[in-house]
There are 2 protein chains.
Amino acid sequence: MSEAKPKPRKTRIQQRNSETIIEAALDVFSKHGFRGATLDQIANAAGLSKPNLLYYFSSKEAIHAELLEGLMDTWLDPLRALDANGDPKEQLLGYMRRKLEMSRDLPRESRLFANEVLQGAPRIGAGLGGDLKALVDEKAAIIADWSRSGRIAQVDPYHLIFSIWALTQHYADFDAQVRAVLGGEDPFPGAEAFLDTLYTKLLIP
Amino acid sequence: MSEAKPKPRKTRIQQRNSETIIEAALDVFSKHGFRGATLDQIANAAGLSKPNLLYYFSSKEAIHAELLEGLMDTWLDPLRALDANGDPKEQLLGYMRRKLEMSRDLPRESRLFANEVLQGAPRIGAGLGGDLKALVDEKAAIIADWSRSGRIAQVDPYHLIFSIWALTQHYADFDAQVRAVLGGEDPFPGAEAFLDTLYTKLLIP
DNA sequence: AAAGTGTTTGACCAATCGGTCAAAGTCACG
DNA sequence: CGTGACTTTGACCGATTGGTCAAACACTTT
């Protein structure tokens, strides 16, 4: 569904302030969830007044919706890059590593999605059953082929993908818990080594 | 006074209503998060009036705190049961299976914790750095011993535990996403088979 | 400089929130 | 039955929330 309504990109100021608002909203929504975030918080973080926010976005939901929509692509890019013609093990390990990097570099985005899905995805339910499912089905078929031809071990491709999501996003979404247990140590070097070993062993035929 | 009576004397009604409220609060908090839940929702779910709720619990935070406190034990029990004297692989696979069962049977509890940790654990931060860290340290030492003595493969025990948390809780916390992708199929049978294979292969020395 | 468009804001609003309170209703027990 | 403790509720409160609006301000264009 490509609803390309020509939204008139107008002035420099509009461009700049819209981006500022989206950036501030990402900060606030990812930290407090949709219901927990307030327009005042977002306005304050963006350095604008609340009515000024609503001059650029018609409502709190509109900001949230634009955020999620703009992020969905970024979020699925690593999976899109999974290449049927590449080396299976390398492709899957590469996918895992890219997702882990995203947890390290874009933790707010990860938490934004986590918040949404945790509450039952009330605002992007369609996106999950649509684009996401289609993409996962496509890539799962590729993995299933690799399994069938013996190039990797026999694994359920769907649960393999789920496991990559779970393991990598865990380090962003449950950051507070991970760091409490590790006592401040940076989790990511250890995580990458562990996940490398895990998937290397799993995928050996 | 002359009579030394234990202060918190609970009547039948108190017992019953407290439990009803906690049960209703689990429903509402796990679905909407702390900030997203309202006293009216909880009261309605419990079949009581809002002032009646506050007759049993002094505040919204008090309900939430009691919920978390009461749940922390249940949540850590599977890890406590990890036995240093048992068979390493069986112990770890057993731990994983118990955690997966909890995701299937107690998804609300899982989401309650997920909500709390996602927002940075503002209300149980102490519990994470205290009891939880102590328990994980203790069990990680056991696993490290198993690794060192060659009874299981060499793995980072902390990230091994994290991986079990991430993989099992994923099926409760991201239920909406998992079911959207699988199209309604019950994820748990497939998940258990996948995780069994995964950890069996990982732990082989 | 004047006009027109785009931008910003203070004041305000209705709805909802967590929480209070006094009064009424109910229960246990001598 | 009577009495005192326990339980329930309608009415209410101050604070916060998302959102509106007219007026003021600023920037371009002529």
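Because only heavy atoms are used, hydrogens play no part in the values below, and waters and symmetry mates are left out as well, while side chains stay in. Convention: sequence-line order gives letters A, B, ...; per-chain numbering from 1.
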- Nearest-angstrom distance from the residue atom CG of B:Leu48 to P of D:dC6: 19 Å
- Item | Spacing of A:Lys50 atom NZ relative to D:dT17 atom P, expressed in whole Å | 8 Å
- Task: Give A:Ala62 one of three labels, base, sugar-phosphate or nothing, depending on what nucleic acid heavy atoms sit under 4.0 Å from its own.
- Result: nothing
- Message: Could you tell me how far apart B:Ile42 (CD1) and C:dG18 (P) are, to the nearest whole angstrom?
- Response: 8 Å
- Query: Which is true for A:Arg16 with a 4.0 Å heavy-atom rule: it touches a base, it touches only sugar-phosphate, or it touches nothing?
  - Reply: nothing
- Task: Nearest whole angstrom, please: distance from the C1' of D:dC6 to the CG of B:Asn52.
- Result: 11 Å
- Query: B:Leu39 CG to C:dT20 C1': how many Å, rounded?
  - Reply: 13 Å
- Item | Between D:dA5 (P) and B:Ile13 (CD1): distance, integer Å | 17 Å
- Which nucleotide, C:dC17, D:dT8, C:dG19, lies nearest any side-chain atom of B:Thr38? C:dC17
- State yes or no: are the ring centers of A:Trp165 and B:Phe174 separated by less than 6.0 Å? no
- Task: Show your working on side-chain contact (heavy atoms from CB on, under 4.5 Å) between A:Ile22 and A:Phe57 and close with a plain yes or no.
- Result: CA-CA 10 Å; A:Ile22 287 292; A:Phe57 293 90; 3.9 Å; yes
- Round to a whole Å and report the spacing from CG of A:Asn17 to C1' of C:dT9. 14 Å
- Candidates D:dA11, C:dA11, C:dG6 - which lies nearest the side chain of B:Pro51: D:dA11
- Note on the structure: Testing D:dG19, D:dT8, C:dT7 for proximity to the side chain of A:Gln14, the answer is C:dT7
- Item | Atom NZ of A:Lys31: over 12 foreign heavy atoms under 6.0 Å | no
- Item | 5′-ward residue of the pair B:Tyr56/A:Ala37 relative to DNA chain D | B:Tyr56
- Using only side-chain N and O atoms of A:Arg12, determine if any of them is under 4.0 Å from OP1 or OP2 of D:dC27. no
- Message: Looking at B:Lys89, I want to see if its NZ is surrounded by more than 12 non-hydrogen atoms of other residues, nucleotides or ligands under 6.0 Å.
- Response: no
- Is there a side-chain polar atom (N or O) of A:Arg35 under 4.0 Å from OP1 or OP2 of C:dC17? yes
- Starting at NZ of A:Lys60 and ending at P of D:dT16, how long is that distance when rounded to a whole Å? 16 Å
- Passing option when B:Ser110 is tested against B:Asp173, B:Asp105, B:Thr168 for side chain to side chain contact (heavy atoms under 4.5 Å, CB included): B:Asp173
- Message: Looking only at the side chain of A:Tyr55 (C-beta and beyond, no hydrogens), which of the listed nucleotides D:dT8, C:dT7, D:dT17 gets closest?
- Response: C:dT7
